[in-house]
Amino acid sequence: MPELPEVETTLKALRPLLLANRFLKVEILRPDMVTDPAKVRRLIKGLRVIEVKRHGKYLFINLEKKLTLILHLRMSGRLAIRRVSEPELRHERIRFHLEKGLILVFNDPRTLGRISLYPTDSLCKHPSLKKLGPDAISVSEKDFLKRLSNRKGILKAVLLNQSFVAGIGNIYTDEACFKSGLDPRRKIGGLSISERRRFYRAIIATLRKGIRNMGTSISDFLGLHGKPGKNQNSLWVYGRKGKLCRRCKTTLKSTRIQQRTTVWCPKCQRKEP
DNA sequence: ACCTACCTGGCC
DNA sequence: GGCCAGGTAGGT
């Protein structure tokens with residue numbers, strides 16, 4: 001489900017609920033989703049939330065005792081808040097019991113999501129986190145262009161790579177490529193300077209639009225309070241294989257790049273300059 | 001740069 | 001039954 005805009009949407013709803021609240025206990029129904037579940041259960045008890053942050057598709061809940069809870073929703077994960085008295089969701093995997101009878105639920109049909117507890121001061125040493133590039137919506141144009149010049153390969157592969165910039169997945173890659181007017185199979189090295197700038201602006205605009213629309217709800221993304229996003233109603237190419245381009249009415253093409261379905265408009269998205 | 005595995009559910 | 005799915009890690 002979630003890419004940067006979906007995680008950001010979740011973050012915005014989560015922050016006011018968690019700040020100054022306290023974890024009372026954790027129920028781990030799927031231990032394989034948690035790094036050292038016994039430790040998490042033991043250490044988190046009674047800790048107050050100091051801060052809630054995001055980088056790329058990761059969420060960070062900074063706690064007292066200089067500990068950070070790291071969450072990644074992967075493909076089908078989502079966070080929900082409910083009262084103890086309210087009915088369970090269908091795929092609750094981990095429950096964080098908070099004060100005031102609230103439960104923060106990590107819901108995830110496919111159980112691919114991951115949670116771990118890590119010292120706040122050493123996050124930059126975390127084996128997965130240390131590989132991440134800058135957050136895709138915060139990166140400056142200057143930094144983006146510099147990082148781009150160090151990369152080879154095709155546009156789609158580079159955008160999906162979290163060590164280039166963090167937060168872009170399959171939906172927003174295809175959308176950003178469309179917005180930039182560039183064929184996702186183009187090689188980085190073949191881009192002119194104006195195409196590189198256009199690429200940067202398209203990425204930022206595409207992610208901002210996703211956030212403004214509170215995320216893309218294709219099959220199962222819902223916000224913290226169970227509300228779907230609206231971005232699925234205005235996608236240019238993602239999920240529209242074989243349909244007509246909304247801009248020029250050409251039939252959209254599709255192929256697989258890096259084992260991911262890729263859709264683009266052969267007329268609006270240029271192959272070579 | 002490419003696989004494949006990890007899981008479950010929905011759809012044909 | 002087979003194929004597909006918003007992601008990442010770990011292998012060659």
Side-chain angles (χ1 to χ4, degrees), chain A residues 1-11 28-35 54-59 70-79 89-94 106-116 126-133 135-137 150-178 184-189 203 206-207 209-211 213-223 228-242 254-263:
Chain A
M1 158 210 79
E3 303 179 31
L4 188 153
E6 290 74 37
V7 179
E8 179 69 17
T9 300
T10 301
L11 169 75
I28 301 173
L29 295 97
R30 295 294 292 244
D32 45 333
M33 294 174 66
V34 181
T35 308
R54 178 191 64 72
H55 184 98
K57 303 170 195 172
Y58 283 87
L59 278 172
I70 306 172
L71 300 95
H72 197 301
L73 304 169
R74 295 276 185 99
M75 290 285 260
S76 57
R78 83 151 172 122
L79 294 180
L89 306 182
R90 179 142 177 235
H91 302 289
E92 298 194 353
R93 306 306 191 193
I94 292 133
F106 195 118
N107 204 68
D108 188 357
R110 291 174 72 180
T111 71
L112 295 171
R114 290 294 180 263
I115 287 182
S116 59
H126 185 283
S128 300
L129 300 179
K130 70 182 179 191
K131 295 183 223 149
L132 293 181
D135 188 64
I137 207 164
N150 294 331
R151 294 273 166 171
K152 43 189 168 100
I154 61 173
L155 298 192
K156 171 116 183 186
V158 169
L159 270 196
L160 283 176
N161 190 334
Q162 303 299 299
S163 73
F164 173 57
V165 292
I168 301 170
N170 207 30
I171 296 178
Y172 294 95
T173 298
D174 282 7
E175 292 298 298
C177 284
F178 178 86
R185 301 166 299 175
R186 286 279 295 276
K187 289 203 184 71
I188 298 292
I203 291 164
T206 300
L207 294 174
K209 179 189 156 202
I211 293 171
N213 284 332
M214 317 261 291
T216 305
S217 296
I218 293 290
S219 66
D220 48 14
F221 171 71
L222 298 172
K230 297 186 202 125
N231 204 51
Q232 66 281 7
N233 301 325
S234 59
L235 296 174
W236 292 103
V237 288
Y238 179 86
R240 303 193 67 246
K241 167 184 181 176
S254 170
T255 187
R256 277 181 92 77
I257 297 177
Q258 303 233 140
Q259 291 81 245
R260 317 301 300 277
T261 298
T262 301
V263 186

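As a basis for the values below, the full set of heavy atoms in this structure was taken, side chains included, without hydrogen atoms, waters or symmetry mates. Protein chains get the first letters and strands the later ones, always in sequence-line order, with residue 1 at the start of each. Remember, it's a predicted structure, so these values are computed and weren't measured experimentally.
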Chemist: Atom CG of Asn107(A) to atom C1' of dT8(B): distance rounded to whole Å?
Modeler: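 Distance, rounded to whole Å: 12 Å.
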Chemist: Whole angstroms only, please: what is the CG-P distance between Leu112(A) and dT8(C)?
Modeler: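 Going from Leu112(A) (CG) to dT8(C) (P), I get 11 Å.
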Chemist: Among the nucleotides dC3(B), dC7(B), dG7(C), which one has an atom lying closest to any side-chain atom of Gln259(A)?
Modeler: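 The listed nucleotide nearest to Gln259(A)'s side chain is dC3(B).
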Chemist: Given salt bridge (charged side-chain N to carboxylate O under 4.0 Å, His left out), test Asp135(A) with Arg54(A) step by step and report yes or no.
Modeler: CA-CA 9 Å; Asp135(A) 188 64; Arg54(A) 178 191 64 72; 2.7 Å; yes
Chemist: Is there a side-chain contact between Thr261(A) and the phosphate of dC4(C), meaning an N or O under 4.0 Å from OP1 or OP2?
Modeler: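 So the side-chain polar atoms of Thr261(A) never come under 4.0 Å of the phosphate oxygens OP1 or OP2 of dC4(C).
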Chemist: Of all the choices, dA1(B), dT8(C), dA5(C), which nucleotide is nearest to the side chain of Lys152(A) once you look at every atom?
Modeler: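 Closest of the options to the side chain of Lys152(A): dA1(B).
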Chemist: Expressed in angstrom and rounded to an integer, what is the separation of Phe164(A) atom CZ from dA1(B) atom P?
Modeler: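 The answer, rounded to whole Å, is 13 Å.
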Chemist: Which of these passes side-chain hydrogen bond (donor to acceptor under 3.5 Å, both in side chains) with Lys156(A): Asp174(A), Thr173(A), Thr255(A)?
Modeler: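 With Lys156(A) as partner, side-chain hydrogen bond (donor to acceptor under 3.5 Å, both in side chains) holds for just one option, Asp174(A).
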Chemist: Please report, rounded to the nearest Å, how far the C1' atom of dG7(C) is from the CZ atom of Phe106(A).
Modeler: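 These atoms are roughly 12 Å apart.
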Chemist: What's the closest nucleotide to the Arg260(A) side chain, out of dT8(C), dT4(B), dG9(B)?
Modeler: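 Nearest to the side chain of Arg260(A) among the choices is dT8(C).
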Chemist: dG7(C) phosphate, OP1 or OP2: any side-chain N/O from Ser76(A) under 4.0 angstrom?
Modeler: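 So the side-chain polar atoms of Ser76(A) never come under 4.0 Å of the phosphate oxygens OP1 or OP2 of dG7(C).
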Chemist: Roughly how many Å apart are dG11(C) and dC7(B), using the P atom of each and rounding to a whole number?
Modeler: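 Taking atom P in both dC7(B) and dG11(C), they lie 16 Å apart.
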Chemist: For Tyr172(A), which contact category applies under a 4.0 Å heavy-atom criterion: base, sugar-phosphate, or nothing?
Modeler: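 Answer is nothing: Tyr172(A) stays at 4.0 Å or more from every strand.
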Chemist: Please say whether more than 12 non-hydrogen atoms of neighbouring residues, nucleotides or ligands are located less than 6.0 Å from CE in Met33(A).
Modeler: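 It does: Met33(A) CE has more than 12 such atoms within range.
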Chemist: Would you say the side chain of Lys57(A) lies within less than 4.5 Å of the side chain of Gln162(A), judging by non-hydrogen atoms?
Modeler: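 Yes, at least one pair of side-chain atoms sits under 4.5 Å.
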Chemist: So which nucleotide from dA5(C), dA9(C), dT8(C) ends up closest to the side chain of Gln162(A)?
Modeler: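 Shortest atom-to-atom distance from the side chain points to dT8(C).
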Chemist: In whole Å, I'd like the distance from the CZ atom of Arg114(A) to the C1' atom of dT8(C).
Modeler: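 Atom CZ in Arg114(A) sits about 9 Å away from atom C1' in dT8(C).
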Chemist: Under 4.0 Å: is that the gap between some side-chain N or O of Arg256(A) and OP1 or OP2 of dC4(C)?
Modeler: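 For dC4(C), OP1/OP2 do not have a side-chain N/O of Arg256(A) under 4.0 Å.
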Chemist: Arg110(A) side chain: which of dC3(B), dG9(B), dC7(B) is closest?
Modeler: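 The listed nucleotide nearest to Arg110(A)'s side chain is dC7(B).
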Chemist: Does dC7(B) have a Watson-Crick or wobble mate here (both distances under 3.5 Å), and if so which one?
Modeler: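 Paired with no nucleotide.
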Chemist: What is the separation between atom CZ on Arg90(A) and atom P on dC7(B), rounded to the nearest whole Å?
Modeler: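 Distance, rounded to whole Å: 19 Å.
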Chemist: Using whole Å, what does the distance between atom C1' of nucleotide dA5(C) and atom CG of Leu73(A) come to?
Modeler: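 Distance check: Leu73(A) CG to dA5(C) C1' gives 16 Å.
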Chemist: Answer yes or no: does atom NZ of Lys241(A) have more than 12 heavy-atom neighbours from other residues, nucleotides or ligands under 6.0 Å?
Modeler: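 Check fails, neighbour count at 12 or below.
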Chemist: Would you please confirm or rule out a distance under 4.0 Å between OP1 or OP2 of dG7(C) and any side-chain N or O of His72(A)?
Modeler: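 His72(A) to dG7(C) OP1/OP2: no side-chain N or O under 4.0 Å.
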Chemist: Can you tell if the side chain of Asn231(A) reaches within under 4.5 Å of the side chain of Tyr238(A), non-hydrogen atoms only?
Modeler: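 Sidechains of Tyr238(A) and Asn231(A): no contact.
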Chemist: Considering only dA1(B), dG7(C), dA5(C), which nucleotide approaches the side chain of Lys57(A) most closely?
Modeler: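 Looking only at side-chain atoms, Lys57(A) lies closest to dG7(C).
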Chemist: What integer distance in Å separates Glu3(A):CD from dA5(C):C1'?
Modeler: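 Between C1' of dA5(C) and CD of Glu3(A): 12 Å.
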Chemist: Nearest to the side chain of Tyr58(A) - dT8(B), dA9(C), dT4(B)?
Modeler: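 Closest of the options to the side chain of Tyr58(A): dA9(C).
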